[in-house]
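Worksheet: one structure, shown below.
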Amino acid sequence: MTNERSSMKIVIIGGSGLIGSKLVTTLGEHGHQAVPASPNSGVNTLTGEGLAEVLEAASVVVDVSNSPSFEDAAVLEFFKTSTSNLLAYEATAGVGHHVALSIVGTDRLSDSGYMRAKVAQEKLIKESSIPYSIVRATQFFEFVNRIADSATDGNTVRLPPVRFQPMAADDVASAVCRVAIGSPLNGIVEVAGPELFRFDELIRLGLSARNDPREVIADPHARYFGTELSERSLVPGDAAQLGETHFEDWLSRSAKTISQTA
Ligand SMILES: NC(=O)c1ccc[n+]([C@@H]2O[C@H](COP(=O)([O-])OP(=O)(O)OC[C@H]3O[C@@H](n4cnc5c(N)ncnc54)[C@H](OP(=O)(O)O)[C@@H]3O)[C@@H](O)[C@H]2O)c1
């Protein structure tokens, strides 16, 4: 691990979420004081509630929060307001590194309200005075069902047959952990899964593993959260760091859990 520092207080905004909860565990295993912060623990980045207190003596803040609503205006408002508040409180507290989790291809997908909100979040971070690192990840394996639901009409799921390189949430958390305990990049790093798929093909595999009867149809004009995709919209550049977990292995480990919780 390069540039790793001795034990630091690291605040995880969204520390109760999918990635956040894994990150709290991983950072703790590396000997850091990982403090989860979210509305459930009295910290709200939209109102500022609890921020000054939780950021006291923090060296690093990792933002893995997410908007409760994906509606265009709501998600934009969430990422703009929460990021602005967070950065202002960090400046006052003397935080030395702001880390945020974003998405590969955000700047190529401006027809999507969610992606526009992530671009706005990234812009505020780049323009702030706080040293920063942005980790752009591809879609999580755990997100497959939500993607299918968003593309469902009756019994069919329409998705474009473009390149798709998703990754396990565990590998996302490991990548964010590496960045959080290193020196600020003042730039962007991309992370992705170890294998390249066709978008429709992977969703078909994911649904059939849980005996979901929906039919997946490859449709080049089908929209993904409001935007058309081109062949490389969702995949990273050559320098991306790749996770270790293969989709088939993840599926066989988690298919039972997914079918129980869906
Ligand atoms: N899904 C994907 O495939 C994908 C791919 C790449 C990047 N990402 C990014 O990954 C990030 C994390 O996603 P996730 O799926 O791990 O999220 P998640 O499980 O939905 O968790 C969201 C977290 O945000 C917290 N939160 C909500 N409102 C808040 C507020 N006002 N103040 C502070 N915290 C608040 C929640 O806290 P409570 O539990 O207290 O409500 C929860 O801890 C997102 O920014 C997303 O854009 C996602």
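Worth saying up front: this structure is predicted, and the values here are computed from it rather than measured. Remember, it's 1-based here, ligands and their atoms both numbered in the order they're listed. Start at 1 with the first residue, then count along the sequence.
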Nitrogen or oxygen atoms of [X] and ligand 1 under 3.5 Å apart:
| X | value |
| --- | --- |
| Ile13 | no |
| Thr138 | no |
| Gln139 | no |
| Ile19 | yes |
| Gly17 | yes |
| Phe140 | yes |

Polar side chain donor-acceptor pair, Asn66 to Tyr114, under 3.5 angstrom: yes
Go through the side-chain N and O atoms of Ser84 and Thr81 and say whether any donor and acceptor fall under 3.5 Å apart. no
Would the distance check show the side chain of [X] and the main-chain N or O of [Y] forming a donor-acceptor pair, the cut-off being under 3.5 Å?
| X | Y | answer |
| --- | --- | --- |
| Ser38 | Gly15 | no |
| Gln165 | Pro236 | no |
| Ser150 | Ile147 | yes |
| Asp171 | Thr245 | yes |
| Thr83 | Lys80 | no |

State whether the number of non-hydrogen atoms from other residues, nucleotides or ligands found under 6.0 Å of Asp153 atom CG is greater than 12. no
Please check if atom NZ in Lys123 has more than 12 non-hydrogen atoms from other residues, nucleotides or ligands closer than 6.0 Å. no
Protein residue, atom and distance nearest to [atom], heavy-atom basis:
| atom | value |
| --- | --- |
| atom 10 (O) of ligand 1 | Leu101 CD2, 3.2 Å |
| atom 12 (C) of ligand 1 | Val64 O, 3.2 Å |
| atom 40 (O) of ligand 1 | Ser38 OG, 2.7 Å |
| atom 34 (N) of ligand 1 | Pro39 CD, 3.3 Å |
| atom 28 (N) of ligand 1 | Phe78 CE1, 3.5 Å |

Find all atoms of ligand 1 within a distance of less than 4.0 Å from any non-hydrogen atom belonging to [X], and give their numbers and elements.
| X | value |
| --- | --- |
| Val43 | 32 (N), 33 (C) |
| Tyr114 | 44 (C), 46 (C), 47 (O) |
| Gly14 | 23 (C), 24 (O), 25 (C), 43 (O) |
| Leu46 | 31 (N) |
| Ser16 | 37 (O), 38 (P), 39 (O), 40 (O), 42 (C), 43 (O) |
| Lys118 | 44 (C), 45 (O), 46 (C), 47 (O) |
| Asn44 | 30 (C), 31 (N), 32 (N) |

Not counting sequence neighbours, which residues clear salt bridge (charged side-chain N to carboxylate O under 4.0 Å, His left out) with Asp107? List them please. Arg136
Tell me, please, whether Phe79 has Lys118 positioned over its six-membered ring: NZ or CZ under 6.0 Å from the ring centre and within 45 degrees of its axis? yes
Step by step, work out the side chain to side chain contact (heavy atoms under 4.5 Å, CB included) result for Phe225 and Leu109. CA-CA 10 Å; Phe225 288 103; Leu109 300 167; over 6 Å; no
Out of [options], who is nearest to [atom] when you count heavy atoms only?
| atom | options | result |
| --- | --- | --- |
| atom 22 (C) of ligand 1 | Thr81, Asn66, Val172, Val104 | Asn66 |
| atom 19 (O) of ligand 1 | Leu18, Ile12, Ile103 | Leu18 |
| atom 44 (C) of ligand 1 | Ala100, Ser65, Gly20 | Ser65 |
| atom 7 (C) of ligand 1 | Ser102, Pro166, Ala137 | Ser102 |

Looking at residues at least two apart in the chain, or sitting in another chain, which of them share a side chain to side chain donor-acceptor pair (under 3.5 Å) with Glu215?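 Glu215: no side chain to side chain donor-acceptor pair (under 3.5 Å) contacts found.
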Euclidean distance, His98 NE2 relative to Ser128 OG, rounded to 0.5 Å: 7.5 Å
Strictly under 4.0 Å, does any heavy atom of Thr47 approach an atom of ligand 1?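 Heavy atoms of Thr47 never come under 4.0 Å of ligand 1.
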